[in-house]
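Hydrogens, waters and symmetry mates are skipped; everything else that's a heavy atom, side chains included, is used. Sequence lines set the chain letters: A, B, ... in the order given, protein chains first and strands last, and positions in each chain run from 1. The structure presented is a predicted model; accordingly, all values stated were derived computationally and were not measured.
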Number of protein chains: 2
Amino acid sequence: MATLTAAQKRTQARIEYDAYLATCPSRQLLSTLGDKWVALVLSALAEGPARYSELRRHIAGVSQKMLTQTLRTLERDGLIDRDVEPTVPVTVRYSLTPTGHSLFAVVSALKSWAEQNMQTVLEARSAYDAAAGS
Amino acid sequence: MATLTAAQKRTQARIEYDAYLATCPSRQLLSTLGDKWVALVLSALAEGPARYSELRRHIAGVSQKMLTQTLRTLERDGLIDRDVEPTVPVTVRYSLTPTGHSLFAVVSALKSWAEQNMQTVLEARSAYDAAAGS
DNA sequence: CTGTATCCGGGCCGATACTG
DNA sequence: CAGTATCGGCCCGGATACAG
C-alpha cells in the first residue's frame, strides 16, 4: 500500500535529516574537528613544518595508523601540504596551508573559551554529580 | 625484570598521554562539540527555551535516546537549565544558561568559518580525489 | 623513514519496549 | 509528555605485521 506506518515515516525523516546534515558545512567541520587527533596535528604544525616522525614523537599518544589517517584527511581537505623529498630514505615534510592556518585561528579561539570556562563547567559537573549522589 | 620492551614503553607513553588529554580543557570541549547532536541542541535552544517534544520535532533526525543523553550532558556541564513544571502530565522546559550562550557564540564563529571556507575545502577535496583516480 | 594491510575488541548509537 | 532499559549492528581506532 501507498501509506506508511508511523515507524516508517520516522525512519524516512531520519534518512532525509541525515542527508541534510551530511551537506551542512558546520556539521562537516565539527565532525572533522571532533576527531581525536585533528586539533593536535593542527597545533603541532602551527609551530612550523614537521616531518612524519617528528609529529609522531611530538604527539606521543598517537598510533601510526591514526596519524597517517589524520594527515591524509587534512591533506585531502587542503589544510596541510605534504612535500616529499626524494632522498634515501625518503623525507616527508608536512606544513599548514593558508586555509589550515585560518582554521587553526578558529581552533585557538575555541581553546581560549575552554581555558576560560572549563573551570566553571567542571564545578557545575561536580555539583550535578553530588546532587545525584545524595 | 625492571626493563621494558620497546612495545611496553610505547604502551606506557600512550596511557600517560591519554591521561594528559583527558585533563586538557580544549580536548574535553572539542570532544563534547564533536558529539553529533550537541551543536544542534545548542542552536535550537539559542532561539529560545523549548520543551522536550519541541526539540525532538525541531531536530528531526535525533532519536529519543540521543536527545535525552545530549540534554543530560549539557545540563551536567551547566550549559542548559532543565525546569520541570508539576502539571499533569509533566512539562519540561530546557533553556541555555549564560555559559551555554557564551559557548554558542563560539560555535557560531565556527559556523561562520565553515560557511566561508567549506567551498574551498570541497574543491581541494575534489582535486585530491581526481588526482588519485588518474 | 614513511607508510600500507589486516585483524579485532569496545563503544556509540539507533530501534524497540516499557514506565510514572 | 518525558523519559528509562535493553539489545544489537556498525564503525572507530589500537596492535601487529609487512613493504617501498
Side-chain angles (χ1 to χ4, degrees), chain A residues 5-18 21-22 27 31-38 40-41 49-76 80-94 132, chain B residues 5-18 21-22 27 31-32 34-38 40-41 49-75 80-94 132:
Chain A
T5 66
Q8 285 174 326
K9 283 184 190 171
R10 259 184 280 116
T11 302
Q12 185 58 29
R14 243 205 84 258
I15 291 172
E16 288 169 13
Y17 207 78
D18 277 358
L21 285 183
R27 177 95 284 280
S31 68
T32 300
L33 287 182
D35 283 355
K36 197 171 177 181
W37 304 108
V38 167
L40 289 163
V41 170
R51 297 176 52 178
Y52 184 87
S53 52
E54 290 172 343
L55 289 173
R56 191 143 154 63
R57 242 174 300 117
H58 191 276
I59 309 175
V62 74
S63 68
Q64 214 167 41
K65 175 182 173 180
M66 291 318 296
L67 179 56
T68 300
Q69 196 173 105
T70 303
L71 289 169
R72 286 292 172 281
T73 304
L74 294 177
E75 186 197 358
R76 187 166 101 106
I80 65 177
D81 274 332
R82 177 173 181 270
D83 302 313
V84 182
E85 289 174 36
T87 52
V88 178
V90 58
T91 302
V92 182
R93 281 166 49 99
Y94 292 95
Chain B
T5 67
Q8 285 174 326
K9 282 184 189 172
R10 262 184 278 117
T11 301
Q12 185 59 28
R14 244 205 80 257
I15 292 171
E16 288 168 13
Y17 206 78
D18 276 358
L21 285 182
R27 178 94 286 278
S31 66
T32 300
D35 283 355
K36 196 171 177 182
W37 305 108
V38 167
L40 289 164
V41 169
R51 298 175 53 177
Y52 184 87
S53 51
E54 290 171 344
L55 288 173
R56 192 143 154 62
R57 238 174 302 118
H58 191 276
I59 309 174
V62 73
S63 69
Q64 214 168 40
K65 177 182 170 179
M66 291 318 296
L67 179 55
T68 300
Q69 196 174 104
T70 303
L71 289 168
R72 286 290 172 281
T73 303
L74 295 177
E75 186 197 358
I80 64 176
D81 274 332
R82 177 174 181 271
D83 302 314
V84 181
E85 289 174 37
T87 52
V88 178
V90 58
T91 302
V92 182
R93 281 166 50 100
Y94 291 94

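Among residues two or more places apart in sequence or in another chain, the side-chain hydrogen bond (donor to acceptor under 3.5 Å, both in side chains) test is passed with A:Thr91 by A:Thr87. Taking the salt bridge (charged side-chain N to carboxylate O under 4.0 Å, His left out) definition, one finds that A:Arg14 meets it with A:Asp18, sequence neighbours left out. Residues meeting the side-chain hydrogen bond (donor to acceptor under 3.5 Å, both in side chains) test with B:Arg82, sequence neighbours left out: B:Tyr94. Applying the side-chain hydrogen bond (donor to acceptor under 3.5 Å, both in side chains) rule to A:Glu16 yields the partners A:Gln12; only residues at least two apart in sequence or on another chain are considered. Every residue was checked against the salt bridge (charged side-chain N to carboxylate O under 4.0 Å, His left out) condition with B:Arg27, not counting sequence neighbours, and none meets it.
Although no hydrogens or angles enter the test, the distance criterion places a donor-acceptor pair under 3.5 Å between the side chain of A:Glu54 and the main chain of A:Arg51.
At a threshold of 4.0 angstrom between heavy atoms, the contacts of A:Arg72 are confined to the sugar-phosphate backbone, with no base atom among them. Across all strands shown, A:Arg51 has heavy atoms under 4.0 Å from sugar-phosphate atoms exclusively, and none from any base.
Counting to the nearest Å, the P atom of D:dC1 and the CZ atom of B:Arg56 are 11 Å from each other. Protein atom CG of B:Leu21 is 13 Å distant from nucleotide atom P of D:dG13, rounded to whole Å. Atom CZ of B:Arg82 and atom C1' of D:dC1 are 12 Å apart (whole Å). Protein atom CG of B:Asp83 is 19 Å distant from nucleotide atom P of D:dC1, rounded to whole Å.
Counted within 6.0 Å of CZ on A:Arg72, heavy atoms from surrounding residues, nucleotides or ligands total more than 12; the atom is thus considered enclosed.
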Solution key, residues 57-68 of chain B side-chain donor-acceptor pairs under 3.5 Å, sequence neighbours excluded:
residue : atom : partner : partner atom : Å
B:Ser63 : OG   : B:Met66 : N            : 3.3
B:Thr68 : OG1  : B:Tyr52 : OH           : 2.9
B:Thr68 : OG1  : B:Gln64 : O            : 3.1

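Side-chain contact check for A:Leu71 versus A:Leu55: some heavy-atom pair is nearer than 4.5 Å. Side chains of B:Thr70 and B:Leu40 form no contact here, defined as non-hydrogen atoms less than 4.5 Å apart.
For DNA chain C, the outermost nucleotides in 5' to 3' order that have an atom under 4.0 Å from a heavy atom of chain A are C:dC1 to C:dA15.
Side-chain N/O atoms of B:Tyr94 include one lying less than 4.0 angstrom from OP1 or OP2 on D:dG3.
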Dump every N/O contact between nucleotides 14-20 of chain D and the protein below 3.5 Å, one line per pair.
residue : atom : partner : partner atom : Å
D:dG14  : OP2  : A:Ser63 : OG           : 3.1
D:dG14  : O6   : A:Lys65 : NZ           : 2.4

**Request:** Check the pair A:Trp37, B:Leu21 against side chain to side chain contact (heavy atoms under 4.5 Å, CB included), reporting the backbone distance first and the verdict last.
**Result:** CA-CA 11 Å; A:Trp37 304 108; B:Leu21 285 182; 4.0 Å; yes
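Fit an axis to the five pairs at each end of the helix from C:dC1-D:dG20 to C:dG20-D:dC1 and the two axes sit 50° apart, to the nearest 10 degrees.
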